[in-house]
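Heads up, the thing below is written out as structure tokens.
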Protein chains: 2
Amino acid sequence: MTLVITSGFTFMSKASSVGRQRVIETAAMMLATRGLRGISIREVAKAAQAPLGSTYHHFPEGKSQIVIEAIEWAGERAASELKACLSTNNENGVRVFLENWRNRLSKYSFQQGCPIVAAAIENSDDDEQNIKRAVSDAFNKWQDILCDYLLEQGHNEHYAHSLSLTIISSIEGAVVLCRGYQNLQPFDAIIATIPTLIARKNSSDLRENNE
Amino acid sequence: MTLVITSGFTFMSKASSVGRQRVIETAAMMLATRGLRGISIREVAKAAQAPLGSTYHHFPEGKSQIVIEAIEWAGERAASELKACLSTNNENGVRVFLENWRNRLSKYSFQQGCPIVAAAIENSDDDEQNIKRAVSDAFNKWQDILCDYLLEQGHNEHYAHSLSLTIISSIEGAVVLCRGYQNLQPFDAIIATIPTLIARKNSSDLRENNE
DNA sequence: CACTTGTTATAACGAGTGTCATAGTGTAGC
DNA sequence: GCTACACTATGACACTCGTTATAACAAGTG
């Protein structure tokens, strides 16, 4: 339940901005745990030790604003971690990133997944096209980073595009499966298979099967 | 919104059992659309044209029973479809299954995903270890079917195990990404990459990287 | 007819939800 | 001092939620 805050985000002049930021990070954590409709502003505020009365001061658009900012923050956080892994580990970058995710999953006993996934799969009849936009923005950012990396590794553009989407899909799917299975087998599986797709530099056997 | 009922499920003697079954299938559909906490018994009953007063007659354990039976039904349904694809298409079986999923996604305009995923990622503090069990049962069934198929295709046991989990992870992840992106690119990506993992019969380059 | 049995109708309970209005607090600048 | 303003406290509104209790209904059986 305890959340370690590492961001030095400063925005306004006062100490309350760290309270605002803590609400965002707590919302992201609870989103990853319980889903979009599983969290309430009251609970987020309580967990963030922020006064409920002030959430509508910091987030005048209400819950959807909190959720969107949580998605953006989590997306940015994962993007910078991915970038760091890829730039410092060269051809093993993806594997290191996978293993980081693996460790985080077991650290939290499969209670936490990906907040962006949680926001992606819960439709509501009326509201919030903006949530979907924040979700696709996050996915897009990860894909761009991965795509650039794969191009640097010598893959052609088309394969880099497909492979980057495949990697992200596998990760997100494996996180879901691990939470269902309550063990790490799905993640260990993609750690065993995905790197072989990256290692293969010539993608000749791929082209003939495209439509 | 219209739900086509294809199952010939008979259980009790009366026509009301089709009402009961319709509640299950409607719950599965709404679960796939709005998530575990996004559905209410009242709404499911209304959508299934079943009287609210009788849901607690057919499902005395309440919402959790409805959800569990919906998961079981959806898991069984997907399992039999997967089995059919694999047995009638031999080495293209997975590809056919992927394309079926792809078509279903666009048919429902990315509104519907996988009900089992929805149930897998929403933790609640107190209740329902049984939901998690139903989820992992469904995943396990799919994995067994895929694993047997891959063994028949000539893969060794360890690779078949890893690859089957990778395939399921990729599909579930791609479904999530497609809903986020609101387009089919993620699914087209895994259709381009996954079959190459299946086509490769010798997994020699895989073994050296395992821990 | 009475009687059972499977099903439905209706109303209510307590709890939780997002949101808002209003009043109160503190602190910085004059 | 005092005003301005960012923030917080409190309580309320209208709503939905899962669940239960209780009564009614329909149909078959004796």
Side-chain angles (χ1 to χ4, degrees), chain A residues 9-24 26-27 30-31 33-71 118-119 122-128 130-131, chain B residues 9-24 26-27 30-31 33-71 118-119 122-128 130-131:
Chain A
F9 183 81
T10 54
F11 201 80
M12 298 167 174
S13 54
K14 288 300 197 39
S16 75
S17 69
V18 358
R20 192 195 128 97
Q21 177 63 15
R22 199 164 49 212
V23 167
I24 294 173
T26 305
M30 297 182 74
L31 203 53
T33 308
R34 305 153 58 114
L36 184 52
R37 290 193 233 239
I39 64 176
S40 70
I41 299 185
R42 283 172 176 83
E43 281 184 308
V44 170
K46 187 189 293 183
Q49 294 176 293
L52 168 65
S54 68
T55 49
Y56 281 89
H57 175 78
H58 291 299
F59 308 93
E61 291 169 51
K63 182 176 182 178
S64 67
Q65 185 181 356
I66 297 180
V67 167
I68 286 171
E69 294 203 33
I71 293 169
E122 299 192 35
N123 280 94
S124 29
D125 287 338
D126 43 346
D127 65 346
E128 309 326 337
N130 293 333
I131 291 182
Chain B
F9 185 82
T10 54
F11 200 80
M12 298 165 173
S13 54
K14 288 299 197 38
S16 75
S17 69
V18 0
R20 193 195 127 97
Q21 178 63 15
R22 198 164 49 212
V23 167
I24 293 174
T26 305
M30 296 182 74
L31 202 53
T33 309
R34 305 155 58 115
L36 185 53
R37 291 222 185 50
I39 63 176
S40 70
I41 299 186
R42 285 173 174 84
E43 282 183 307
V44 170
K46 186 189 294 183
Q49 292 176 294
L52 167 65
S54 69
T55 50
Y56 281 90
H57 175 76
H58 291 301
F59 308 93
E61 290 170 52
K63 181 175 182 179
S64 67
Q65 184 181 358
I66 297 179
V67 167
I68 287 171
E69 295 204 34
I71 293 170
E122 299 192 36
N123 280 96
S124 30
D125 287 339
D126 43 347
D127 66 345
E128 308 326 338
N130 293 332
I131 291 182

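These numbers come from a predicted model, not from an experiment. Throughout, protein chains are lettered first and strands after them, A, B, ... in sequence-line order, and every chain is numbered starting at 1.
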- Note on the structure: Picking from C/dT17, D/dG18, C/dT19, the nucleotide nearest the side-chain atoms of B/S40 would be D/dG18
- Measure from NZ on A/K46 to P on C/dG18 and round the result to the nearest Å. 13 Å
- Item | Whichever of A/K63 and B/A50 has its nearest DNA chain C nucleotide further upstream toward 5' | B/A50
- Message: Could you tell me how far apart B/R34 (CZ) and D/dT16 (P) are, to the nearest whole angstrom?
- Response: 12 Å
- Message: Measure CD/B/Q65 against C1'/D/dT19 and give the value in whole Å, please.
- Response: 14 Å
- Message: Counting only side-chain heavy atoms from C-beta out, which of C/dT19, C/dT17, C/dA9 sits nearest to A/E43?
- Response: C/dT17
- Between A/M30 and A/E43, the two heavy atoms sitting closest are CE-CB, 4.0 Å
- Message: Tell me whether the side-chain N/O atoms of B/S54 come closer than 4.0 Å to OP1 or OP2 in C/dT8.
- Response: yes
- Item | Exercise: identify the closest heavy-atom pair between A/V23 and A/A50 | CG2-CB, 3.6 Å
- Message: Between P on C/dT17 and OH on A/Y56, what's the gap in Å once rounded to a whole number?
- Response: 11 Å
- Whole-Å gap separating P (C/dA15) and CZ (B/R37): 19 Å
- Length of the line joining A/H58:NE2 and D/dA9:P, which is rounded to integer Å: 11 Å
- Task: Measure the distance from CZ on B/R42 to P on C/dC13 and round it to the nearest whole Å.
- Result: 14 Å
- Whether B/E122 side chain and B/R37 backbone form a donor-acceptor pair below 3.5 Å: yes
- Task: Kindly compute the distance separating CG (A/L31) from CD1 (A/I24), expressed to the nearest 0.5 Å.
- Result: 12.5 Å
- Query: When we call it a touch if two heavy atoms are under 4.0 Å apart, what does A/G53 touch: a base, just sugar-phosphate, or nothing?
  - Reply: base
- Query: Okay, side chain of B/R22, backbone of B/A48: is any donor-acceptor separation there less than 3.5 Å?
  - Reply: yes
- Rounded interatomic separation in angstrom, taking NE2 from A/H57 and P from D/dA6: 7 Å
- Query: Which part of the nucleic acid, if any, lies within reach of A/I66 when heavy atoms closer than 4.0 Å are counted: base, sugar-phosphate only, or nothing?
  - Reply: nothing
